[in-house]
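Here the structure is laid out as structure tokens; the discussion comes afterwards.
Please read these numbers as outputs of a predicted model, since none were measured by experiment. For ligands, and for the atoms within them, numbers begin at 1 and follow the listed sequence.
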Amino acid sequence: MEIRTTDTPLLEWTGDGLAIGLFEDAVELTGELASLDEKLAGSIKELITEEEFKGKQGSSAVTRVGTHSPVRKIILVGLGKPEALKLETLRKAAASAGRLGKKQKCKTLGISLPTWNNDPTQTAQAIAEGVQLALYQDNRFKSEPEDKGPQVEQIDLLGLGGQEAAITRAHQIASGVFLARQLVAAPANSVTPITMAETAQAIASEHGLQIEILEQEECEKLGMGAFLGVAKASDLPPKFIHLTYKPEGTPKRKVAIIGKGLTFDSGGLNIKGAGSGIETMKIDMGGSAATLGAAKAIGQLKPDVEVHFISAVTENMISGRAMHPGDILTASNGKTIEVNNTDAEGRLTLADALVFAEKLGVDAIVDLATLTGACVIALGDDIAGLFSPDDALAEQLEKASEASGEKIWRLPMEEKYFEGLKSGIADMKNTGPRPGGSITAALFLKQFVKDTAWAHLDIAGPVWADKENGYNGPGATGFGVRTLVNWVLSDS
Ligand code: BES
Ligand code: MN
Ligand code: ZN
């Protein structure tokens, strides 16, 4: 699929489908649109009346126009109130235009949407992102592609001529999101710690990043007892991935991004029971997938920031070698952990990754993890939990998320709840009581960061979309990649 920008006027554009954005309660046609309607013998006006199209956000209407007209299908997309227009509105409108264009078998699709905030560059990028993310398909595990109909082959963004650089940026970012989606969607017999390390290697060689993969022995030398405790029952070797993007010259700042990388989470000996969603636990490397996706995008965008991408990758399995509930592990900072529940494994792997990241002397650390079911109960499927003791970093991430449209919501790090993690025998337990489960998880992680600005994103909900949802779903969303990219590229 090729995306081009053009200044061809609406009236002169020809192709299979033309998608036009209209604001709420402003669907009377004026100017260029009125002339187009005239040219199409009043079919746009007719469509608006017949479908009672009001321009509400999320609404759409489609009609066939005459055989001899310059376009075959007209697609109207509602934009909501003009004063509420956001980049995310455009991303979603473009997604809807793309999905409808495909359904209407349009090989060529024109998209005409208003410019946000007098900023054609951001507008073009958002539209290109929305349409690409929505038209993404994954046929890797089908013996034959299900959808054999015509695909959208070419998209023209009308009124945005000259914005080629924005389209390139959208492609680079989307390539990172697609990688994350593919990694999350692939089952655990396809994506393993070994293949995750190979994927990191491939990113490094394709985009010129440095790479270091620590094998089990090296992790032992570094004292990563928490990570290795989780890895013990797996027949597959654990892999500690450390990718580094270094800009030329002295970087403006140095940051680390860490992703939870459980290629499968059975729960361990505290095995997940029936109805626990164990069969979906291939998604438990969603943080790691977002980290690698961000690495792929950042390797192409080349910002003036040094970025370390880190993931302690393994599976949480059962075997005669499995850690027992009640075992005491020692993490690489010397802290001891009583494992009162082997299913709270993500925080154990992250503990050693956080200690490793802090030793790099970075200015800030952000981790992403499908950490707790409790966070899904609190915020639902669309919103990630944000936890940070650092207000400035939390605000930076909130800004980055506002721009990406990936929703996050800050939850408190209530110190008093750490009491729930007190152990009679070790420095702490890995699991607290059920209430506030995502908060105690974050408080646990905090024990492994001394004095670097740090934030944790619990992405257990939004890593996956059961149904079609804007430009996401059904399936893996690639959540986090675009927010991370925005955060790294921001001036902070
Ligand atoms: N990987 C799960 C969390 C999860 C749940 C991710 C649902 C995606 C969807 C995590 O390792 C886990 O098992 N957490 C437990 C923690 C509990 C044992 C304290 C949970 O949330 O139940
Ligand atoms: Mn678990
Ligand atoms: Zn897990």
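- Within the 4.0 angstrom cut-off, atom 21 (O) of ligand 1 has one or more protein heavy-atom neighbours.
- Not a single heavy atom of N270 sits less than 4.0 Å from an atom of ligand 1.
- In summary, the side chains of S438 and D458 do not present any donor paired with an acceptor at a separation below 3.5 Å, with no hydrogens or angles considered.
- Atom 18 (C) of ligand 1 has N341 ND2, 3.4 Å as its closest protein atom, hydrogens excluded (heavy atom only).
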### Task
Assess whether side-chain contact (heavy atoms from CB on, under 4.5 Å) is satisfied between V255 and W487, documenting all intermediate values.
CA-CA 10 Å; V255 301; W487 175 62; 3.6 Å; yes
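- Distance from atom 7 (C) of ligand 1 to its nearest protein heavy atom, with residue and atom name: M281 CE, 3.7 Å.
- Considering backbone and side-chain atoms together, G373 places an N or O closer than 3.5 Å to an N or O of ligand 1.
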#### Entry: salt bridge (Lys or Arg N to Asp or Glu O under 4.0 Å) assessment of E306 paired with K252
CA-CA 8 Å; E306 182 174 311; K252 255 191 333 209; over 6 Å; no
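- The contact set between ligand 1 and K260, taken as ligand atoms under 4.0 Å from a residue heavy atom, comprises 1 (N), 10 (C), 11 (O).
- Atoms of ligand 1 lying under 4.0 Å from any heavy atom of I283, numbered from 1 in the order shown and given with element: 8 (C).
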### Message
Set out, in order, the CA-CA distance, both residues' side-chain angles and the distance that settles ring-ring contact (aromatic ring centres under 6.0 Å, His included) for F418 and F444, then state yes or no.
### Response
CA-CA 8 Å; F418 191 72; F444 178 92; 8.2 Å; no
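- When the Zn ion (ligand 3) is compared with the N/O/S atoms of E345, atom OE2 turns out nearest.
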#### Entry: F309 and H242: CA distance, side-chain angles, deciding distance, ring-ring contact (aromatic ring centres under 6.0 Å, His included) verdict
CA-CA 6 Å; F309 303 92; H242 176 204; 9.3 Å; no
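- Residues L87 and Q122 have side chains in contact (heavy-atom distance under 4.5 Å, counting atoms from C-beta outward).
- With respect to D147 and K102, a salt bridge is recorded, a charged nitrogen being found less than 4.0 Å from a carboxylate O.
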### Verdict with supporting geometry, M196 and T192, side-chain contact (heavy atoms from CB on, under 4.5 Å)
CA-CA 6 Å; M196 286 294 280; T192 67; over 6 Å; no
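- The closest non-hydrogen atom to atom 16 (C) of ligand 1, taken over E345, M285, R347, comes from R347.
- Both cation-pi conditions hold for R181 and Y136: the charged atom is under 6.0 angstrom from the six-membered ring centre and inside a 45 degree cone around its axis.
- If you check which protein heavy atom lies closest to atom 2 (C) of ligand 1, you get D265 OD2, 3.6 Å.
- Distances from the Zn ion (ligand 3) to each N, O or S atom of D284 single out OD2 as the nearest.
- Ranking the protein heavy atoms by distance from atom 10 (C) of ligand 1 puts L371 O, 3.3 Å first.
- At the Mn ion (ligand 2), the vertex angle linking OD1 of D343 with OD2 of D265 is 100° (nearest 10 degrees).
- In the candidate list T342, T370, T440, T370 is nearest to atom 6 (C) of ligand 1, counting heavy atoms.
- More than 12 heavy atoms of other residues, nucleotides or ligands shown are found within 6.0 angstrom of NZ on K272.
- Among the heteroatoms counted here (N, O or S) of D265, OD2 is the one nearest to the Zn ion (ligand 3).
- At a cut-off of 3.5 Å, with distance as the only test, a side-chain donor of E315 or S234 sits close to an acceptor on the other residue.
- Residue G346: no N/O/S atom is found under 2.8 Å from the Zn ion (ligand 3).
- Closest non-hydrogen pair, C219 versus F227, comes out as SG-CE2, 4.0 Å.
- Of all atoms in ligand 1, numbered sequentially from 1 with element shown, those under 4.0 Å from a heavy atom of K272 are 12 (C), 13 (O).
- Looking only at its N/O/S atoms, E345 has OE1 as the one nearest to the Mn ion (ligand 2).
- In this structure, L133 and T477 have side chains that are not in contact, with every pair of non-hydrogen atoms separated by 4.5 Å or more.
- Put simply, no part of R434 is less than 4.0 Å from ligand 1, judged by heavy atoms.
- Of the protein's non-hydrogen atoms, D343 O, 3.2 Å is the one closest to atom 12 (C) of ligand 1.
- For atom 19 (C) of ligand 1, the nearest non-hydrogen atom from the set T431, V376, I459 belongs to T431.
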